Asks: 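There's a structure below that I have some questions on.
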Protein chains: 2
Amino acid sequence: MVVNRIEQKCIQKGLRMTEQRKVIAQVLSSSHDHPDAEELYKRSNAINNSISLATIYRTLKLFSNNGILEKHEFKDGKSRYETVHKDHHDHLIDIDTGKVIEFQDEEIEKLQEKIANKLGYNIINHRLEIYAVKKNK
Amino acid sequence: MVVNRIEQKCIQKGLRMTEQRKVIAQVLSSSHDHPDAEELYKRSNAINNSISLATIYRTLKLFSNNGILEKHEFKDGKSRYETVHKDHHDHLIDIDTGKVIEFQDEEIEKLQEKIANKLGYNIINHRLEIYAVKKNK
DNA sequence: TTATATGCAAAACATTTGCACTTGA
DNA sequence: TCAAGTGCAAATGTTTTGCATATAA
């Protein structure tokens, strides 16, 4: 099997590549949505059924802590994950379908910096989520 | 006891004013921070110790559904509440202390409208939280 | 070889709920 | 009076953890 992008990053970071982590890395690499732990458990198990939910959680935490994954907690009660891109972006969540749309806006980023600065703070990170419905329905 | 602002709103909405709700309304009226359920339970119990945590949760949900309270889920795992103001605002959370600072920025609001529109959506609500640390520490 | 990772089941944690009892209007 | 609210304890759903076993390097 070709070594996927996530697995490459793991090796780069010196993480021990177990069979389970390889499968989870593969699943994440080929997922272009924002799955939750349960969903990743299902997808991983379809490939190798000796992966427990506990390992999914432990691996997701490991990958997040190593800057390989980003964890999001949208207003649906469960954490969802996506692979880290080069470019920062925020999210618009379709309330009706749960679909997540990514967007970027340099101006909003700058405005946030300005606001934090004015309040005497340095931004560590932020969360901007727009909950919306499709027009003309 | 003088009827507080929250209690007034409850009466306006036709909510039945039980002893427990009066106490919780009073606590909320005099709280100018963003307490979680456990904290509100403590504060309410200090006034009247016949209030259960279940009632706190039920009341918080009731008040939220009636537009009396706003519920926030910052990245600390528990929901926090604040009384609804006239003016919309967003939050900056001090990572070190947990302190929450409110801010308003008309420009950011407009930009979000613009982005959603461009994507073909109408905004229902949004969440903008800046996680930051104090400068010059 | 051995520090680290895993599976399993139990625990943790915030929140919700069923049920018998109480209370506000 | 009686629909609605409450306390209590048990249940929930997601995530974490202790421990004995397995495995990568």
Side-chain angles (χ1 to χ4, degrees), chain A residues 1 3 6-8 10-27 34-45 47-66 68-81 98, chain B residues 1 3 6-8 10-27 34-45 47-66 68-81 98:
Chain A
M1 188 208 297
V3 173
I6 306 263
E7 196 173 335
Q8 273 175 30
C10 290
I11 293 165
Q12 222 173 299
K13 300 265 180 188
L15 300 181
R16 189 195 273 190
M17 287 319 288
T18 64
E19 201 46 53
Q20 289 85 341
R21 287 182 187 173
K22 279 183 199 169
V23 172
I24 297 169
Q26 184 195 330
V27 167
H34 298 68
D36 60 30
E38 195 66 41
E39 179 60 33
L40 289 168
Y41 176 57
K42 277 185 206 148
R43 294 182 193 177
S44 302
N45 252 274
I47 296 173
N48 179 329
N49 72 347
S50 76
I51 296 177
S52 71
L53 186 55
T55 292
I56 296 283
Y57 276 108
R58 282 191 274 235
T59 303
L60 291 176
K61 184 173 283 182
L62 179 77
F63 287 2
S64 293
N65 291 343
N66 280 277
I68 294 167
L69 282 186
E70 247 178 279
K71 178 183 179 182
H72 299 294
E73 294 169 283
F74 302 138
K75 296 187 177 182
D76 60 357
K78 36 186 120 181
S79 297
R80 298 167 71 173
Y81 300 82
Chain B
M1 190 206 297
V3 173
I6 306 265
E7 196 173 335
Q8 273 175 30
C10 290
I11 293 164
Q12 219 174 299
K13 300 267 177 186
L15 302 181
R16 190 194 276 192
M17 286 320 288
T18 64
E19 202 45 54
Q20 289 86 337
R21 288 181 185 173
K22 279 183 200 168
V23 172
I24 296 169
Q26 184 195 332
V27 167
H34 298 68
D36 59 32
E38 193 67 42
E39 179 61 32
L40 289 167
Y41 176 55
K42 277 185 206 149
R43 294 182 194 175
S44 301
N45 251 273
I47 296 172
N48 180 329
N49 71 348
S50 77
I51 296 176
S52 71
L53 187 53
T55 292
I56 295 284
Y57 277 108
R58 281 190 275 234
T59 304
L60 290 176
K61 183 172 282 178
L62 179 77
F63 286 3
S64 294
N65 291 343
N66 280 278
I68 294 168
L69 282 187
E70 245 177 280
K71 177 183 179 182
H72 299 293
E73 294 169 283
F74 301 140
K75 296 188 176 181
D76 60 357
K78 34 187 119 183
S79 297
R80 299 165 70 173
Y81 299 81

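Per chain, numbering begins at 1; letters A, B, ... match sequence-line order. Remember, predicted model here, so these are calculated numbers, not experimental data.
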Asks: Quick one, give me the B/S/- string for nucleotides 20-25 of chain C, reading 5' to 3', where B means a protein heavy atom under 4.0 Å from the base and S means that only happens at the primed atoms, P, OP1 or OP2.
Replies: ---BBS
Asks: Let me check I have this right: for DNA chain C, each base becomes ., (, ), [, ] or |, based on Watson-Crick or G-U pairs with both distances under 3.5 Å. What is the full string?
Replies: |||||||||||||||||||||||||
Asks: Who are the side chain to side chain donor-acceptor pair (under 3.5 Å) partners of Ser79(A), not counting sequence neighbours?
Replies: none
Asks: Which heavy-atom pair separates Ser64(B) from Tyr81(B) by the least distance, and what is that distance?
Replies: OG-CE2, 3.9 Å
Asks: Hey, could you give me the NZ/CD distance between Lys75(A) and Glu73(B), rounded to the nearest 0.5 Å?
Replies: 7.5 Å
Asks: Going 5' to 3' on DNA chain D, which nucleotide is the first and which the last to come under 4.0 Å of a heavy atom in chain A?
Replies: dT14(D) to dA25(D)
Asks: Is the shortest side-chain heavy-atom distance between Lys61(A) and Arg58(A) below 4.5 Å?
Replies: no
Asks: Might you point out which heavy atoms bring Ala37(A) and Leu53(A) nearest each other, and give the distance in Å?
Replies: O-CD1, 4.2 Å
Asks: Between dA5(C) atom P and Asn66(A) atom CG, what is the distance in whole Å?
Replies: 11 Å
Asks: Of all heavy-atom pairs between Val23(A) and Ser44(A), which one has the smallest distance, and what is that distance?
Replies: CG1-O, 3.7 Å
Asks: Taking only heavy atoms on the protein side, list every residue of residues 53-65 of chain B lying under 4.0 Å from any atom of DNA chain D, sorted numerically.
Replies: Ala54(B), Thr55(B), Arg58(B)
Asks: Arg21(A) and Arg16(A): which non-hydrogen atoms are nearest, and at how many Å?
Replies: NH1-O, 3.1 Å
Asks: Apply salt bridge (charged side-chain N to carboxylate O under 4.0 Å, His left out) to Glu39(B) and Arg43(B), showing your working.
Replies: CA-CA 6 Å; Glu39(B) 179 61 32; Arg43(B) 294 182 194 175; 2.8 Å; yes
Asks: Looking at residues at least two apart in the chain, or sitting in another chain, which of them share a salt bridge (charged side-chain N to carboxylate O under 4.0 Å, His left out) with Lys78(A)?
Replies: Asp36(A)
Asks: Do the non-hydrogen side-chain atoms of Leu40(A) and Thr59(A) ever get within less than 4.5 Å of each other?
Replies: no
Asks: Are the side chains of Gln26(A) and Glu7(A) in contact, using a 4.5 Å heavy-atom criterion?
Replies: no
Asks: Can you find a heavy atom in the side chain of Met17(B) that is under 4.5 Å from one in the side chain of Ile11(B)?
Replies: yes
